[in-house]
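Report on the structure given below.
We count residues from 1, following the sequence as given. Model, not experiment: these values are computed from the prediction.
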Amino acid sequence: MTQPVGHLRLGVNIDHVATVRNARGGDTPDPLRAAKIAEAAGADGITAHLREDRRHISDNDIERLMEGLAVPLNFEMAATDEMQKIALRHKPHAVCIVPEKREERTTEGGLEVAREENRLAHFIAPLRDAGCRVSIFIAADIRQIEAAHRIGAQVIELHSGAYCDAHHEGRFEDRDRELEAMREMAGFAHGLGLEVHVGHGLTYETVAPVAAFPEAVELNIGHFLIGEAIFRGLDPAIREMRRLMDEARA
């Protein structure tokens, strides 16, 4: 049996603080303030997705996060020349390559690495050379994991959306099947030497089984925590997630 890899990190995605700000314009609520609250509440890192259309996080947000954070920034981005240039200018601790479509509300699935292996290998090489840890956001699919390994990614982030959706829709057989696929692929990726992260759609109800994966190093959670913060505050919302993760890992 695989031994747990150690402390399970929590990355808090602050995109939707910016979504609320942008709905009205102006400067509030401030994503950097949210990130600092997350730090104090036990977040091990902050995730921010700079989209092509700038629908939530802005270029200025990235500037301020890089200057103001004490914990690492995980910079989510599409595999475009524009985003590569921004990442190389800032050199964040981590860069997570995600698929991106203008019409989607949120990231809808994992990146298709196997079909774009050559392009992605050349795309991530300068990021690695600049000292960024490169993560690939993918489905729990052996082909995609093998391709991510071949192109030189150091990290994979398994897309947990299908598992979470099945749970909240009451499709428990589908939920259990998705959970088992993630568990199996986490072990497979770990065996290849890849660092394993998991993210998308995780809530208080769904986090424990994923946090219990011994190979998981980091969970990235955003939308649920920002929504929960409306009712209980951001600090206690994050502390409760941290508690559930630690309890499941123990």
Side-chain angles (χ1 to χ4, degrees), residues 1-6 8-9 11 13 47 49 74-80 94-101 104 106-125 127-128 132-169 171-203 206-221 245 248-249:
M1 179 179 176
T2 303
Q3 293 298 311
V5 294
L8 179 60
R9 300 198 302 258
N13 187 315
T47 294
H49 182 176
N74 176 34
F75 180 50
E76 285 190 350
M77 66 181 213
T80 67
V95 171
C96 185
I97 313 300
V98 302
E100 188 175 306
K101 294 183 290 187
E104 69 186 359
T106 185
T107 306
E108 293 174 349
L111 193 67
E112 176 52 65
V113 189
R115 282 204 303 262
E116 296 191 80
E117 201 168 314
N118 186 58
R119 182 180 80 87
L120 289 170
H122 285 90
F123 181 84
I124 71 171
L127 298 169
R128 285 198 55 166
C132 301
R133 285 183 61 75
V134 176
S135 174
I136 307 291
F137 187 67
I138 52 176
D141 180 298
I142 194 168
R143 290 176 57 253
Q144 305 302 335
I145 293 170
E146 289 175 334
H149 180 250
R150 284 193 297 269
I151 68 173
Q154 296 121 308
V155 182
I156 60 160
E157 182 167 337
L158 295 174
H159 187 297
S160 51
Y163 154 69
C164 294
D165 289 345
H167 174 83
H168 292 296
E169 293 166 10
R171 297 183 285 109
F172 298 128
E173 288 186 8
D174 291 342
R175 174 200 65 187
D176 294 346
R177 184 163 52 250
E178 294 289 345
L179 181 66
E180 183 55 35
M182 286 195 296
R183 183 184 291 114
E184 182 180 350
M185 289 300 100
F188 177 75
H190 180 73
L192 292 177
L194 291 163
E195 186 172 299
V196 178
H197 300 181
V198 186
H200 199 85
L202 293 168
T203 67
T206 56
V207 73
V210 176
F213 292 175
E215 302 86 2
V217 171
E218 180 172 303
L219 305 185
N220 282 299
I221 306 173
M245 288 168 56
R249 195 55 168 261

Checklist entry - Do the side chain of Q144 and the main chain of E112 share a donor and acceptor less than 3.5 angstrom apart? => result no
Checklist entry - Roughly how far, to the nearest 0.5 Å, is CD of Q154 from CG of L127? => result 9.5 Å
Checklist entry - In Å and rounded to the nearest 0.5 Å, what is the CZ to CD1 distance from F188 to I145? => result 6.5 Å
Next on the checklist: If the test is side-chain contact (heavy atoms from CB on, under 4.5 Å), which one of V207, I221, L219 qualifies with V198?
Outcome noted: L219
Item to check | Over 12 non-hydrogen atoms of neighbours within 6.0 angstrom of CZ in R171 | outcome: yes
Checklist entry - What pairs meet the salt bridge (charged side-chain N to carboxylate O under 4.0 Å, His left out) rule with one or both residues in residues 189-200, with sequence neighbours excluded? => result R9-E195, R133-E195
Item to check | Whether R249 side chain and L8 backbone form a donor-acceptor pair below 3.5 Å | outcome: no
Item to check | From CA spacing to verdict: side-chain contact (heavy atoms from CB on, under 4.5 Å), V210, L158 | outcome: CA-CA 10 Å; V210 176; L158 295 174; over 6 Å; no
Next on the checklist: Using side-chain contact (heavy atoms from CB on, under 4.5 Å), reason through M77 and I97 one step at a time and then give a plain yes or no.
Outcome noted: CA-CA 5 Å; M77 66 181 213; I97 313 300; 3.7 Å; yes
Checklist outcome for this item: Closest heavy-atom pair, A153 versus L194, reported as atoms and distance to 0.1 Å, is O-CD2, 3.2 Å
Checklist entry - What residues form a side-chain contact (heavy atoms from CB on, under 4.5 Å) with A248, not counting sequence neighbours? => result A208, A211
Checklist outcome for this item: Rounded to the nearest 0.5 Å, the CD1 atom of I156 sits from the CG atom of D141 at a distance of 10.5 Å
Checklist entry - Would you say the side-chain atoms of N13 and T47 include a donor-acceptor pair closer than 3.5 Å? => result no
Checklist entry - Where the side chain of H167 meets the backbone of Y163, is there a donor-acceptor pair that is under 3.5 Å apart? => result no
Checklist entry - To the nearest 0.5 Å, what is the distance between CD1 (I151) and CG (L120)? => result 5.0 Å
Next on the checklist: Going by the rule side-chain hydrogen bond (donor to acceptor under 3.5 Å, both in side chains), which residues pair with S160 if we only count those two or more places apart in sequence or in a different chain?
Outcome noted: none
Checklist entry - How would you list, by chain and number, every residue that makes a salt bridge (charged side-chain N to carboxylate O under 4.0 Å, His left out) with E173, sequence neighbours excluded? => result none
Next on the checklist: List the residues meeting side-chain hydrogen bond (donor to acceptor under 3.5 Å, both in side chains) with T206, not counting sequence neighbours, and say none if there are none.
Outcome noted: T203
Next on the checklist: So which atom in V113 and which in A148 form the shortest heavy-atom distance, rounded to 0.1 Å?
Outcome noted: CG1-N, 3.9 Å
Item to check | Non-neighbouring partners of H149 that pass side-chain hydrogen bond (donor to acceptor under 3.5 Å, both in side chains), sequence neighbours left out | outcome: none
Checklist outcome for this item: Residues pairing under salt bridge (charged side-chain N to carboxylate O under 4.0 Å, His left out) where one sits in residues 142-161, two or more places apart or in two chains, turn out to be E117-R150
Less than 3.5 Å apart, which donor and acceptor atoms pair up between the side chains of residues 176-187 and the rest of the protein, not counting sequence neighbours?
from: R177; atom 1: NH2; to: D174; atom 2: OD1; distance (Å): 2.2
from: E180; atom 1: OE1; to: R183; atom 2: NH1; distance (Å): 2.6

Next on the checklist: So, taking the atom named CD in E76 and the one named CZ in F137, what distance separates them when rounded to the nearest 0.5 Å?
Outcome noted: 7.0 Å
